Amino acid sequence: MSSKRDRRGFLKNGAALATGLTVGAVRPASAQTPAASTPSKDIKELIAYGERSRFETAVRVSVGGRPSPDSFGLTFHVLAPLQDSFGIITPSSLFYTATHRGAFVPDINPREHRLMIHGMVDRPLTFSLDDLKRLPYVSRIHFVECLGNRANANHKTVQETHGLTSCAEWTGVPLSLLLKEAGVQNAASWIVAEGAEEVKGASSIPLAKAMDDCLVCYGQNGEMLRPQQGYPLRLMVPGFEGIYQIKYLRRIKVVDRYYMTYDDYGHINPDPKVAALTHQIGPKSVITFPSGGQQLPERGFYEISGLAWSGAGAIRKVEVSTDGGQTWKDAELRSPAYPMAHTRFGFHWNWDGRESVLMSRCTDELGTVQPTRADVAKFWNESPERSRVRGADNSVQPWKIASDGSVRNGLA
Ligand SMILES: Nc1nc2c(c(=O)[nH]1)N[C@H]1C(S)=C(S)[C@@H](COP(=O)(O)O)O[C@H]1N2
Ligand SMILES: [Mo]
């Protein structure tokens, strides 16, 4: 209903849009024309494996500006440039990366890599990559998000507030198929998945989830996984917090209780109320344009654009507020809404040149609505100023548009 109204408004305000376009068109073309192109790679290399235009500048940055790799060659969490994103797929080159305690990104020879499934199974199994690739596989679009993806008042850009999430098409073998091959024993109730690095990434995952929709992946966006994403094998645990998506996967042990691994310590809490807030992500959304650090050149028409996702399933609805949460209108979904995947939304907006606060909030297929910071404070019975977000932070992100068109973090 509201989208129909918006569309009529869009047409009625066509003049404003046309004016905007005219302004762009009369800017001297010469100022924007690059000199003769000099690709940074040899043409043979470019033909073999492509590269983006040298005029494109979106890059990942590390959390808190910490150099990554540092002078010891250690790598740390790096953030995806969501402000420059379109659609729902994060290019593999820009996918956020989380690396535990600065461990090296392992340089694994796929011919030597093995996955072992053992523990409470009738037939312990070992797979090479070639073994796995002979099995039936599926491709699914899912997001990954780190528990560390939490906004605070010091963050300037959406890359800093929300850049620890990305979304890709993952290809791999359903874990349930491998577990059925191995023959899970009746008393089993959990699995422990382990990575191959020196500092092992290992997470405990409920068997019910393992049998439901987890994938043992080797493909990402139509090619082999990138080393930073777990080459040559990673576990995809759709909708669960990032730490469960074990990279460099080499071992799955079937067990009969929850194991407090190095990773799980501090992530799963014995208090079920807190634990419920950590396993599964969202629902969560954020406006990527306009967002912190960007500049609106003039009043007039803009298409507000953003991403919404939920660990509980597909996104059903996204609403946008342009008045700091006093009124909300339905946004339009601009991509398919896949379960546990980023979903793109758009919203027509005519900026009148006055100070405005933009927000988005989403509802997932279970009907759960993304909370505001005030909602979170109320839940914990705290004053909004003193409340801190526990578990995953899926609270609403405000962006403040100043009358000069500059955009700032509304939490500041
Ligand atoms: N083996 C291994 N798996 C791992 C990690 C790791 O350091 N080692 N980091 C985890 C964390 S904390 C997150 S948030 C996700 C990040 O996945 P990405 O680097 O592909 O974005 O991987 C998880 N899996
Ligand atoms: Mo993480």
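The first residue in the sequence is number 1, and the count goes up from there. These numbers come from a predicted model, not from an experiment.
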Check: side chain to side chain contact (heavy atoms under 4.5 Å, CB included) between Met224 and Gln229: does it pass, once the steps are laid out?
Finding: CA-CA 10 Å; Met224 283 297 290; Gln229 266 61 61; over 6 Å; no
(request) Step by step, work out the side chain to side chain contact (heavy atoms under 4.5 Å, CB included) result for Phe345 and Arg334. (result) CA-CA 5 Å; Phe345 65 87; Arg334 293 291 160 74; 5.7 Å; no
**OP:** Test the Arg361-Trp328 pair against the cation-pi criterion, namely NZ or CZ under 6.0 angstrom from the six-membered ring centroid and within 45° of the ring axis.
**Re:** yes
* Any chance CZ of Arg111 has more than 12 other-residue heavy atoms, nucleotides or ligands included, within less than 6.0 Å? -> no
Is Lys284 salt-bridged to Glu145, cutoff N-O under 4.0 Å?
yes
Given the options Arg251, Arg123, Lys253, His118 meets side-chain hydrogen bond (donor to acceptor under 3.5 Å, both in side chains) only with Arg251
Quick one: does Phe289's side chain get under 4.5 Å of Ile304's, heavy atoms only?
no
When rounded to the nearest 0.5 Å, the distance separating CE of Met340 from CG of Asp364 is 10.5 Å
So CE of Met120 and CG of Asn186: to nearest 0.5 Å the spacing works out to 9.0 Å
For residues Arg344 and Thr288, is any side-chain donor paired with an opposing acceptor at under 3.5 Å?
yes
CD1 (Ile89) and OG (Ser335) are apart, to the nearest 0.5 Å, by 9.5 Å
query = Hey, does Ser204 have a side-chain heavy atom less than 4.5 Å from the side chain of Ile191?
reply = no
_Measuring only between side-chain heavy atoms, which start at C-beta, is Lys400 closer than 4.5 Å to Val407?_
no
(message) Under a plain distance cut-off of 3.5 Å, with no hydrogens placed, do Ser92 and Asn221 share a side-chain donor-acceptor pair?
(response) yes
dist Ile88:CD1 -> His342:NE2 (nearest 0.5 Å) comes out at 9.5 Å
- Would a distance-only check, ignoring hydrogens and angles, find a side-chain to backbone donor-acceptor pair under 3.5 Å from Lys247 to Ala196? no
Would you say Ile252 and Leu175 make side-chain contact, with heavy atoms under 4.5 Å? yes
Intermediate values then yes/no, ring-ring contact (aromatic ring centres under 6.0 Å, His included), His142 and Trp170
CA-CA 7 Å; His142 289 306; Trp170 306 100; 8.5 Å; no
Task: Ion pair Lys329/Asp323, N-O distance below 4.0 Å - done: no
| Pairwise side-chain contact, Gln220 with Phe95, heavy-atom cut-off 4.5 Å (strictly under) | yes
(message) For Asp352, is there an ion pair with Arg354 - N to carboxylate O distance below 4.0 angstrom?
(response) yes
Notebook entry, point to check: Parallel under 30°, tilted from 30 to 60°, perpendicular over 60°: which one fits the rings of Tyr244 and Phe240?
Noted result: perpendicular
- prompt: Hey, are Glu56 and Arg54 close enough for a salt bridge, meaning a charged N less than 4.0 Å from a carboxylate O?
  reply: no
### Query
Is any side-chain heavy atom of Leu235 closer than 4.5 Å to a side-chain heavy atom of Ile205?
yes
Fill in: Val318 and Asp330: CA distance, side-chain angles, deciding distance, side chain to side chain contact (heavy atoms under 4.5 Å, CB included) verdict
CA-CA 6 Å; Val318 181; Asp330 283 0; over 6 Å; no
The reported gap from OG1 in Thr343 to NZ in Lys317 (rounded to nearest 0.5 angstrom) is 15.0 Å
Here the gap from Cys146 atom SG to Gln245 atom CD, rounded to the nearest 0.5 Å, amounts to 10.5 Å
Which word best sums up how the rings of Trp309 and His162 line up, parallel for under 30°, tilted for 30 to 60°, or perpendicular for over 60°? perpendicular
